*Asks:* 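I have a structure I would like to understand better, so I am pasting it below and will then ask my questions one at a time.
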Amino acid sequence: MWKIRTVILILSMIIITGLTVFFGETTLADWRYTIRRGDTLFKIARRTGVTVRAIKNRNGLTSNRLRIGQRIMIPSGVTNRSSRRVGVRHSGELDLLARVIHAEAGAEPYVGKVAVGGVILNRVQNRKFPKTVAGVIYQPHAFESVSNGFINRPANASSRKAARDALAGWDPSGGALYFFNPAKTNSRWIWARRIINRIGKHVFSL
């Protein structure tokens with residue numbers, strides 16, 4: 001009898017482990033990045049929060065050489081998130097970032113939510129945009145969720161976590177300054193931006 005119980009216990013542990021791995025991969029799916037001029041594995045690793053070794057292993061790279069236009073996979077499950085250079089002055093800014101992520105990417109995969117947060121923080125660090133999270137978010141006509149009031153809705157736990165991950169340095173967008181849903185916009189201006197990534201229903205551009 002004890003042998004049967006032991007077998008059942010082992011099978012249960014195997015099933016639980018398998019489900020954990022399956023759902024973990026579903027939540028943190030790898031994403032594709034397009035190499036652009038000036039990119040190096042070190043720069044990509046620092047920007048995305050993934051180690052150089054992890055990127056090379058995921059893509060079967062045997063050297064550090066990259067070519068413009070090359071597409072590589074960034075493993076989302078192995079991160080080495082560095083500190084963001086963007087500081088949050090108070091908890092209200094974290095909540096604001098979480099709310100805009102929720103409003104703009106509530107139905108997107110988790111990596112896509114973090115990427116939207118990354119775009120906002122990339123703007124804060126870019127001299128062409130305001131220097132604070134609030135300044136970027138409330139810049140006139142910058143985000144539809146501000147115009148339609150959806151930003152005032154409370155963020156869920158996933159969006160709050162995405163905001164914290166973005167602030168911690170994870171940028172799945174690959175340094176993008178813009179994002180949009182190609183199925184919902186025909187703006188010539190936004191389509192003229194150079195697209196560098198696609199995550200979920202959003203494309204990310206410079």
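Every heavy atom of this structure was used, including side-chain atoms; hydrogens, water molecules and symmetry mates were not. What you are looking at is a predicted structure, and each value in this text was computed from that prediction instead of being measured.
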*Asks:* Does the side chain of Ile137 reach to within under 4.5 Å of the side chain of Ile120, using non-hydrogen atoms?
*Replies:* yes

*Asks:* Could you check if a side-chain atom of Leu97 sits within less than 4.5 angstrom of a side-chain atom of Ile101, using non-hydrogen atoms only?
*Replies:* yes

*Asks:* I need the Asn64 CG to Lys56 NZ distance, nearest 0.5 Å.
*Replies:* 4.0 Å

*Asks:* Establish, from distance only, whether the side-chain atoms of Arg71 and Thr34 form a donor-acceptor pair under 3.5 Å.
*Replies:*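 On atom types as modelled, these side chains qualify, holding a pair under 3.5 Å.
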
*Asks:* Evaluate the side-chain proximity of Phe143 to Val136: yes if any heavy-atom separation is below 4.5 Å, no if none is.
*Replies:* yes

*Asks:* Could you walk me through whether Val203 and Tyr178 pass side-chain contact (heavy atoms from CB on, under 4.5 Å), step by step?
*Replies:* CA-CA 8 Å; Val203 295; Tyr178 305 94; over 6 Å; no

*Asks:* Distance from Arg37 atom CZ to Leu66 atom CG, nearest 0.5 Å?
*Replies:*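 Here the rounded value is 13.5 Å.
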
*Asks:* Taking atom CG of Leu41 and atom CD1 of Ile35, what is their separation to the nearest 0.5 Å?
*Replies:*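 The CG atom of Leu41 sits 7.0 Å away from the CD1 atom of Ile35.
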
*Asks:* Rounded to the nearest 0.5 Å, what separates atom CG in Asn57 from atom CZ in Arg53?
*Replies:* 7.0 Å

*Asks:* Taking atom types as modelled, find out whether Asp171 and Ser173 have a side-chain donor-acceptor pair closer than 3.5 angstrom.
*Replies:*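 The criterion, which ignores hydrogens and geometry beyond distance, is satisfied for Ser173 and Asp171.
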
*Asks:* How close do Ala155 and Ala98 get, counting heavy atoms only, and between which atoms?
*Replies:* CB-O, 3.5 Å

*Asks:* With a cut-off of 6.0 Å (strictly less than), are more than 12 heavy atoms of other residues, nucleotides or ligands near CG of Asn186?
*Replies:* no

*Asks:* Report the distance from atom CD of Glu104 to atom NZ of Lys113, rounding to the nearest 0.5 Å.
*Replies:*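 NZ of Lys113 is found 13.0 Å from CD of Glu104.
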
*Asks:* Restricting to non-hydrogen atoms, name the atom on Arg65 and the atom on Gln70 that form the minimum distance, rounded to 0.1 Å.
*Replies:*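 Nearest heavy atoms, Arg65 then Gln70: O-OE1, 4.4 Å.
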
*Asks:* Taking the side chain as every heavy atom from C-beta outward, state whether Arg36 and Leu206 have any pair of such atoms under 4.5 Å apart.
*Replies:* yes

*Asks:* Is it the case that the side chain of Asn181 and the backbone of His202 share a donor-acceptor pair, with hydrogens and angles ignored and the cut-off at 3.5 Å?
*Replies:*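 The answer is no, because no donor-acceptor pair under 3.5 Å joins these two groups.
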
*Asks:* Could you go step by step and tell me if Leu177 and Asn126 meet the side-chain contact (heavy atoms from CB on, under 4.5 Å) rule?
*Replies:* CA-CA 9 Å; Leu177 293 173; Asn126 188 292; 3.5 Å; yes

*Asks:* Please confirm whether Trp189 and Phe180 have ring centers closer than 6.0 angstrom.
*Replies:*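 They do not qualify: ring centres at least 6.0 Å apart.
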
*Asks:* The criterion is ring-ring contact (aromatic ring centres under 6.0 Å, His included); which residues satisfy it with Phe204, sequence neighbours excluded?
*Replies:*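 None.
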
*Asks:* Could you tell me which non-hydrogen atom of Glu93 sits nearest to which non-hydrogen atom of Ala134, and how far apart they are?
*Replies:*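 Here Glu93 and Ala134 meet closest at OE2-N, 4.5 Å.
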
*Asks:* Identify the two heavy atoms, one from Lys201 and one from Glu108, that lie closest to each other, and give their separation to 0.1 Å.
*Replies:* N-OE1, 2.8 Å

*Asks:* Testing the basics here: between Ala142 and Arg123, what is the closest heavy-atom pair and its distance to 0.1 Å?
*Replies:* CB-NH1, 4.0 Å

*Asks:* Walk me through whether Tyr138 and Leu96 qualify under side-chain contact (heavy atoms from CB on, under 4.5 Å).
*Replies:* CA-CA 10 Å; Tyr138 286 112; Leu96 180 60; 3.6 Å; yes

*Asks:* CG of Leu94 to CZ of Arg160: how many Å apart, nearest 0.5 Å?
*Replies:*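 Going from CG on Leu94 over to CZ on Arg160, the span is 9.0 Å.
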
*Asks:* Side-chain contact, heavy-atom cut-off 4.5 Å: Asn122 with Phe129?
*Replies:*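 Result no, sub-4.5 Å side-chain heavy-atom pair not found.
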
*Asks:* Can you name the nearest heavy-atom pair linking Pro109 to Ile199, along with the distance?
*Replies:*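 Pro109 and Ile199 have their closest heavy atoms at CG-CG2, 4.3 Å.
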
*Asks:* Check the hydrophobic clustering (I, L, V, M, F, W, Y; side-chain heavy atoms under 4.5 Å; chains of links allowed) and say if Val116 and Phe150 are grouped together.
*Replies:* no

*Asks:* Are Phe179 and Ile196 in one and the same hydrophobic cluster, where Ile, Leu, Val, Met, Phe, Trp and Tyr link if side-chain heavy atoms are under 4.5 Å apart?
*Replies:* no

*Asks:* Do Pro154 and His102 come within less than 4.5 Å of each other through their side chains, counting heavy atoms only?
*Replies:* no

*Asks:* Do Trp191 and Ile195 make a side-chain contact, defined as non-hydrogen atoms from C-beta onward lying under 4.5 Å apart?
*Replies:* yes

*Asks:* Can you check whether Ile151's main-chain N or O pairs, donor with acceptor, with Arg99's side chain at less than 3.5 Å?
*Replies:*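 It does hold such a pair.
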
